[in-house]
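Report on one structure; see the data block that follows.
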There are 2 protein chains.
Amino acid sequence: MEHRIERIKKQLHAQSYKLTPQREATVRVLLEREEDHLSAEDIYLLVKEKAPEIGLATVYRTLELLSELKVVDKINFGDGVSRYDLRKEGAAHFHHHLVCMECGAVEEIVEDLLEDVEKKIEDEWQFQVKDHRLTFHGICRKCQQKNNANN
Amino acid sequence: MEHRIERIKKQLHAQSYKLTPQREATVRVLLEREEDHLSAEDIYLLVKEKAPEIGLATVYRTLELLSELKVVDKINFGDGVSRYDLRKEGAAHFHHHLVCMECGAVEEIVEDLLEDVEKKIEDEWQFQVKDHRLTFHGICRKCQQKNNANN
DNA sequence: TTATTATTTGTTAATGATTATCATTAGTTT
DNA sequence: AAACTAATGATAATCATTAACAAATAATAA
Ligand SMILES: [Mn+2]
Ligand SMILES: [Mn+2]
Ligand SMILES: [Zn+2]
Ligand SMILES: [Zn+2]
């Protein structure tokens, strides 16, 4: 944890930004809830527990900044809000998601499944891939079992 | 064109919805601009040229309805608006996109590049895939050439 | 140190996309 | 025609995000 904060601090300094207490508190929340996919509002409420004086705009600003630094990725699952997702340490590409259409659960896939596809895109479409977004919509394991039980 | 409208009409009737003049005008705009990725507002302005009396809310309602019927897919490229994209006729899955980070151009890939990946997801994650969203972010052919010329 | 300048923050107001409300219209069924 | 239902258009409401701006904080110069 401290290790990752140190690294983010360095990334900020490299662009001559500072790791202010507000920014640190925000990063800590993101680290603590790494599995989740929190909205700005969610994050704001959690940061408030650590730093009650923080303002919502600061959280938005921090998340924007962390997006620029590619510390977080901003995603949209189609409900009306943006969600912020910590990049896996050292990952070149954004990880994938499995979204259950029944229960809404979101599972992460860290393994990069798109290497072959990207090669194809670069070769056949002459498009130079920098990053990707991949989400599967379907039925999660739990819901499949639940459905089978009720039949 | 007429053929596709007929088919959409049948899909609507199958759920006992009607193809009203407003809905038809909206569908016609979507067909005429099939390559594009229009926002609700964009579509509203285009429909107004055919049917000036139409209201914005009706356009939203129609797009919502067409989404339910899977005639269109609602997507979000990260600017603040939802965009609506006609499904390719008979396609089981949503097509892919290449978004240029420099000029913003959006290219479509109709070929399904994810069959192997989906098989893997189903086998190794026990997740039953119904659909997917795949977008690549990078540099389009044109911008690559432009960049090379300037070096 | 003190004065000056640049960053960052919190509060608040503004914006802009989407949704809800509701009276009106069009279409169907008796 | 009367009664009922579905769909529409105008408008107001909602809600996430951004902008504005004065106050606080940190960095730098004098
Ligand atoms: Mn994730
Ligand atoms: Mn498309
Ligand atoms: Zn589920
Ligand atoms: Zn380009």
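The pair Lys88(A)-Glu108(A) counts as a salt bridge, with a side-chain nitrogen and a carboxylate oxygen less than 4.0 angstrom apart. For Lys142(A) and Glu107(A), the salt-bridge test fails: no basic side-chain N is under 4.0 Å from an acidic carboxylate O. Looking at Glu32(B) and Lys50(B), a side-chain N of the basic residue comes within less than 4.0 Å of a carboxylate O on the acidic one, giving a salt bridge. A salt bridge links Arg83(B) and Asp42(B); the closest N-O separation between the charged side-chain nitrogens and carboxylate oxygens is under 4.0 Å. Between Lys146(B) and Glu102(B) there is no salt bridge, since none of the side-chain N atoms of the basic residue sits less than 4.0 Å from a carboxylate O of the acidic one. Comment: Arg4(A) engages Glu34(A) in a salt bridge, judged by a side-chain N to carboxylate O separation of less than 4.0 angstrom.
No hydrogens or angles considered: nothing links the side chains of Thr26(B) and Arg23(B) as a donor-acceptor pair under 3.5 Å.
Here dA24(D) presents its P atom at 19 Å from CZ of Arg23(A), a figure rounded to the nearest Å. A straight line from CG of Leu19(B) to C1' of dA6(D) spans 14 Å, rounded to a whole angstrom. Whole-Å rounding puts the Gln15(B) CD to dA7(D) P distance at 12 Å. Regarding Tyr17(B), its OH atom lies at a distance of 14 Å from the C1' atom of dT5(D), rounded to whole Å. The distance between atom CD1 of Ile43(B) and atom P of dT18(C), rounded to the nearest whole Å, is 10 Å. Atom CG of Leu12(B) is separated from atom P of dA6(D) by 15 Å (rounded to the nearest Å). One atom, CG of Leu38(A), and another, C1' of dA16(D), lie 16 Å apart when rounded to the nearest Å. Distance CD (Glu41(A)) to P (dT17(D)): 9 Å, rounded to an integer number of Å.
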Please list, pair by pair, any protein nitrogen or oxygen found under 3.5 Å from a nitrogen or oxygen in nucleotides 25-30 of chain C.
none

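Shown are Val99(B), Asn76(B), Val106(B); of these, the side chain to side chain contact (heavy atoms under 4.5 Å, CB included) with Thr135(B) is made only by Val99(B).
Arg87(B) is linked by a salt bridge (charged side-chain N to carboxylate O under 4.0 Å, His left out) to Asp73(B), Asp131(B), counting only residues two or more places apart in sequence or in another chain. Taking the side-chain contact (heavy atoms from CB on, under 4.5 Å) definition, one finds that Glu111(B) meets it with Lys120(A), Trp125(A), Ile109(B), Leu113(B), sequence neighbours left out.
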Between Glu24(B) and Arg28(B), does a salt bridge (charged side-chain N to carboxylate O under 4.0 Å, His left out) hold up when you go through it step by step? CA-CA 6 Å; Glu24(B) 180 170 340; Arg28(B) 280 185 188 280; 2.8 Å; yes
Check the pair Glu115(A) / Lys119(A) against side chain to side chain contact (heavy atoms under 4.5 Å, CB included), numbers first and verdict last. CA-CA 6 Å; Glu115(A) 296 195 344; Lys119(A) 202 154 291 165; 5.8 Å; no
Where do Asp112(B) and His95(B) land on the side chain to side chain donor-acceptor pair (under 3.5 Å) test, with the steps shown first? CA-CA 7 Å; Asp112(B) 186 357; His95(B) 57 263; over 6 Å; no
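Using a 4.0 Å cut-off, no side-chain N or O of Gln22(A) falls inside it from OP1 or OP2 of dT25(D). The shortest distance between the side-chain N/O atoms of Thr20(A) and the OP1/OP2 oxygens of dA26(D) is not below 4.0 Å.
Within residues 68-82 of chain B, no residue has a heavy atom under 4.0 Å from DNA chain D. Residues from residues 53-65 of chain B that place a heavy atom under 4.0 Å from any atom of DNA chain D, listed by number: Glu53(B), Ile54(B), Gly55(B), Ala57(B), Thr58(B), Arg61(B).
The aromatic rings of Phe136(A) and His132(B) sit perpendicular, their planes meeting at an angle over 60°, well past the 30° parallel limit.
Each end of the helix from dT1(C)-dA30(D) to dT30(C)-dA1(D) gets its own axis, taken as the rotation carrying the C1' atoms of four end pairs onto the next four within a five-pair window, and the two axes meet at 10° to the nearest 10 degrees.
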